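These numbers come from a predicted model, not from an experiment.
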Amino acid sequence: AQEEKEWIPCTKLGRLVKDKKIDSLEQIFLFSMPIKEYQIVDAFISEEDLKDEMLCVQQVQKSTSAGQRTRFKAFQMVGDHNGHIGIGVRVGKELAVAIKASLISAKLNIVPI
């Protein structure tokens, strides 16, 4: 099993969240601060509360001189059933890569409803 590395924040918002200077996602939304690290969402919403749903996976192709290049496009949605929702779309050469990237994208695009 792969162990999770400890999160080292790259942004000022990330450092504030890790130092517990910001208490909730609402404070971030109140000041319209962009969330650039998905670990910020993980810090406020636990894995048990955050539900993710795969909306669809499409196979997309691009014609090249050597033939066709196939990639996978994944659409994913996350929410906590408590007023936060996010939708992510990503493309990857492999299906697993596209799904993981779309989950991270959905966490970064989380908004209050």
Side-chain angles (χ1 to χ4, degrees):
Q2 185 178 348
E3 289 188 27
E4 291 270 336
K5 294 180 183 175
E6 185 180 347
W7 172 41
I8 300 170
C10 300
T11 61
K12 184 176 180 180
L13 178 61
R15 287 190 289 276
L16 289 172
V17 169
K18 188 161 185 189
D19 294 339
K20 307 241 187 281
K21 299 248 168 51
I22 294 180
D23 301 332
S24 66
L25 278 172
E26 277 67 33
Q27 286 182 326
I28 296 171
F29 298 135
L30 182 67
F31 296 108
S32 300
M33 302 167 107
I35 299 175
K36 300 284 187 188
E37 299 174 86
Y38 71 94
Q39 293 94 339
I40 293 171
V41 175
D42 290 341
F44 291 123
I45 304 173
S46 66
E47 286 294 321
E48 298 86 44
D49 294 338
L50 193 68
K51 305 283 188 254
D52 58 286
E53 175 109 13
M54 179 60 68
L55 298 177
C56 95
V57 176
Q58 295 178 343
Q59 200 172 14
V60 292
Q61 290 183 332
K62 176 183 177 183
S63 292
T64 61
S65 59
Q68 288 157 341
R69 187 180 73 187
T70 303
R71 299 193 316 177
F72 296 95
K73 190 174 198 176
F75 296 83
Q76 197 154 14
M77 187 171 74
V78 297
D80 65 349
H81 296 287
N82 196 18
H84 301 103
I85 192 169
I87 297 176
V89 180
R90 279 290 184 258
V91 178
K93 288 182 182 177
E94 297 174 15
L95 184 58
V97 174
I99 290 172
K100 186 171 183 180
S102 68
L103 177 64
I104 291 172
S105 174
K107 287 180 180 179
L108 292 178
N109 292 326
I110 206 161
V111 292
I113 54 169

Is there a path of hydrophobic side-chain contacts, each under 4.5 Å between heavy atoms of I/L/V/M/F/W/Y residues, joining [Y] to [X]?
X	Y	value
V57	V60	no
V111	L108	no
F31	V17	yes
I104	F44	yes
V78	V89	no

Distance in Å, [X] [atom1] paired with [Y] [atom2], rounded so as to fall on 0.5 Å steps:
X	Y	atom1	atom2	answer
D42	I45	CG	CD1	8.5 Å
I22	R15	CD1	CZ	11.5 Å
L25	M33	CG	CE	12.0 Å

Test item: [X] and [Y] side chains (from C-beta on) under 4.5 Å apart, heavy atoms:
X	Y	value
E94	F72	no
L13	K36	no
I99	M54	yes
I35	I28	yes
K51	H81	yes
F75	Q58	yes

Near L30 CG, under 6.0 Å, is it more than 12 heavy atoms from other residues, nucleotides or ligands?
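Check passes, neighbour count above 12.
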For atom CD of E26, is the number of surrounding heavy atoms from other residues, nucleotides or ligands below 6.0 Å larger than 12?
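Check passes, neighbour count above 12.
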Are the charged groups of E6 and K18 less than 4.0 angstrom apart, N to O?
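Salt bridge: yes.
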Between E47 and K107 (salt bridge meaning N to carboxylate O under 4.0 Å), is one present in this structure?
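The answer is yes: the pair qualifies as a salt bridge.
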Which heavy-atom pair separates [X] from [Y] by the least distance, and what is that distance?
X	Y	answer
S102	A74	CB-O, 3.6 Å
G92	A98	N-CB, 3.7 Å
Q76	A106	O-CB, 3.9 Å

Treating [X] as the side-chain partner and [Y] as the backbone partner, does any N or O pair qualify as donor plus acceptor under 3.5 Å?
X	Y	value
D80	N82	yes
E37	C10	yes
N109	S105	yes

With side chain to side chain contact (heavy atoms under 4.5 Å, CB included) as the test, would you mind laying out the steps for M77 and D52 before giving the verdict?
CA-CA 6 Å; M77 187 171 74; D52 58 286; over 6 Å; no
